[in-house]
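Report on one structure; see the data block that follows.
One-based numbering along the sequence shown. Each ligand, and each atom within it, is numbered from 1 in the order the structure gives. Just the heavy atoms: all of them, side chains too, but no hydrogens, waters or symmetry mates, feed the values below.
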Amino acid sequence: MQKAQIGVYGLGTMGSALALNMAEQGIDVAVSNRETEWLDAFMTEAGSLATHLHPYGELREFADSLTEPRVILFMIPSGAPMDAMIEAILPLLSPGDTIIDGGNADFHATRRRSADLATRDVHFVGMGVSGGEAGARHGPSMMVGGSAHSWQQLQPILTAIAAKYEGDPCVAHLGPDGAGHFVKTVHNGIEYADMQVIAEVYGLMRYGLARDPHSIGGTFTGWNAGPLRSYLVEITGKALGYDDPITGHPAVDVIKDAAGQKGTGRWTVIEAVKLGQSASMIDAAVAARSWSSEKETRVQAEVILGGDRTALDLGEDVLEAAFLAARILSYAQGFRILEAASLEYDWALDYARIAQIWRAGCIIRSALLDDISDAFSADMPGGQLILAPSMAAKLSETIPALRRVLAAAIAGGHAVPAMAAAIGWYDTMRQGRGTADIIQAQRDFFGHHGYARLGEAGVHHGPWWD
Ligand code: 6PG
């Protein structure tokens, strides 16, 4: 029997969608799953694509069915299950084989696994896959970290199944070991921030402008035809248009206002801080999800502290511009973290390429990413998106709206943590002279920590020590 070009292990939502996508591209795929009873159901679901799919219940048969050097994609829960899987498959592999972790893994674990497997001459790829089930089935965006050898093996397959933006496949080899998983983590961090900004803008229209969900949905749908065009704005517009079939109320009104999180947003914030950075908008978005889950406390606090929110006088155009400013700033924070990590881990990340592969297939795909990729392709300092002339021009157009929205929202008691974090960062960064001089004075005053004097080398102490 002809050997399969790739093995996909793990036929959950994402694994099965990716295997079907590959089969549709004419790629022969060996499939396997821990629960072997899933295999029959999967083959039935595959229909006519089954001719390209070869199920194996035994791990050894699965490994033996692959062309060498082998390529095996694991779509299983990250963490301990991945380590256990590596242990199980390793004796069945040969030098030069590649195994891929396509889950949302912590990039530190990916670096550790890459280094461990390199000693066995097996290549480990950490690959971020974005786009949910529909993306995986019809074209995801994929962020690959690993060796050049693995990329050579993978490129034809991934290029075939990737989302295409005007013909350009949304997949790239971004660097060694953990680079792909790190970029995916930051993608998710930006996803958190964008979702939170959308929620804040929704809240202003709902509670400040007293508009109903259907009409707000119409506004998002309208914005999706302009500079805010993006998958998240599109689905928000659509979701707000639905009614709950049980109560007949708008669907959003019967959903508990407590958001879950699996951890990638939190990782982005933690890594940013470790890198000496601060993704304050992503932090605000992670925090807002945590606060949202304290539903009981909020219900009590509304009685004790008062939950008044005043009516607002804000037009749609002002909200649209404010949202755009906030979106630019959240992407800018995300790219700033990518730059810090690239320097720390010596990845030489290509920011323009990252923006390009986020233009289709992934959850944060948006019109703005096309402008961002152009900005990075032009002569631009490092990963500092706010310094790109085109982005600086967009910011100067939209920041006044962000200020107006924030001033009204904060004065009126509306919660806007991510947008408020955006302006705090923006206003800090645009001051050549800030206020950290007084921080340094305090540190030296109470702890003799010393400070640098402007234009002078060395460590100095203040006159309070004389
Ligand atoms: C994607 C998504 C995907 C997943 C997130 C959701 O890019 O396709 O980001 O990876 O939906 O992990 O994360 P939370 O459950 O933490 O919101």
Side-chain angles (χ1 to χ4, degrees), residues 10 12-18 21 73-79 81-82 100-107 109-110 126-145 158 161-163 165 170-172 174 178-199 230-236 239 255-272 279 281-293 327 330-331 334 337-338 354-366 369 418:
T13 312
M14 294 296 280
S16 48
L18 286 170
N21 185 347
L73 169 61
F74 287 99
M75 295 302 296
I76 60 174
S78 60
M82 192 65 217
I100 310 156
D101 176 0
N104 278 331
D106 181 341
F107 87 108
T110 306
M127 180 170 82
V129 181
S130 180
E133 184 181 1
R137 178 67 184 83
H138 302 291
S141 167
M142 289 166 289
M143 293 141 253
V144 179
L158 299 183
I161 65 163
Y165 181 85
C170 291
V171 58
L174 298 173
H181 275 151
F182 189 86
V183 173
K184 175 60 165 62
T185 299
V186 173
H187 163 285
N188 282 23
I190 296 171
E191 175 185 303
Y192 271 56
D194 211 43
M195 291 170 77
Q196 176 61 24
V197 170
I198 289 174
S230 57
Y231 174 69
L232 286 171
V233 166
E234 179 192 338
I235 62 166
T236 305
I255 300 175
K256 186 173 175 184
D257 52 329
Q261 50 184 319
K262 294 199 202 83
T264 45
R266 194 182 305 133
W267 287 347
T268 310
V269 175
I270 292 169
E271 294 309 327
M281 290 184 71
I282 301 169
D283 182 33
V286 171
R289 288 201 196 184
S290 304
W291 300 333
S292 80
S293 65
R327 176 174 275 178
S330 74
Y331 278 108
I337 304 165
L338 290 180
I354 292 168
Q356 282 162 6
I357 65 166
W358 285 349
R359 289 178 303 182
C362 69
I363 303 294
I364 63 168
R365 59 187 184 262
S366 67
L369 277 163

Minimum side-chain heavy-atom gap S330-Q196 below 4.5 Å
no
In the protein, what heavy atom is nearest to atom 12 (O) of ligand 1, and what distance, to one decimal place, separates them?
N104 ND2, 3.2 Å
Are E271 and T185 packed together at the side-chain level, in the sense that at least one heavy-atom pair is separated by less than 4.5 angstrom?
no
For atom 5 (C) of ligand 1, closest protein heavy-atom neighbour
N188 ND2, 3.7 Å
Quick check: does I363 get an N/O under 3.5 Å from an N/O on ligand 1?
no
Closest non-hydrogen protein atom to atom 8 (O) of ligand 1, residue and atom name please, with distance?
G131 N, 2.9 Å
Distance to 0.1 Å, residue and atom name: give those for the protein heavy atom nearest to atom 7 (O) of ligand 1.
S130 OG, 2.4 Å
Find out whether L369 and Y331 are in side-chain contact, i.e. whether some heavy atom of one side chain is under 4.5 Å from a heavy atom of the other.
yes
Residue pair K262 / N104, side-chain heavy-atom distance below 4.5 Å
no
Per atom 3 (C) of ligand 1, closest listed option by heavy atom (K184, R289, H187):
K184
Any N/O of Q261 closer than 3.5 Å to an N/O of ligand 1?
no
Nitrogen or oxygen of G132 less than 3.5 angstrom from that of ligand 1
yes
Does K184 reach the side chain of F107, with side-chain heavy atoms less than 4.5 Å apart?
no
Atom indices of ligand 1 within 4.0 angstrom of K262 heavy atoms, with elements
14 (P), 15 (O), 16 (O)
Using heavy atoms and a threshold below 4.0 Å, how should the contact between M14 and ligand 1 be classified: side chain, backbone, both, or neither?
neither
Steps toward side chain to side chain contact (heavy atoms under 4.5 Å, CB included) verdict (I161, M142):
CA-CA 10 Å; I161 65 163; M142 289 166 289; 3.8 Å; yes
Polar proximity ligand 1 side, Y192 side, N/O cut 3.5 Å exclusive
yes
Tell me whether H181 contacts the main-chain N or O of D101 through its side chain, where contact means a donor paired with an acceptor under 3.5 Å.
yes
Around atom 9 (O) of ligand 1, find the nearest protein heavy atom and jot down its residue, atom name and distance.
E191 OE1, 2.6 Å
Y192 versus T268, side-chain donor and acceptor atoms under 3.5 Å:
no
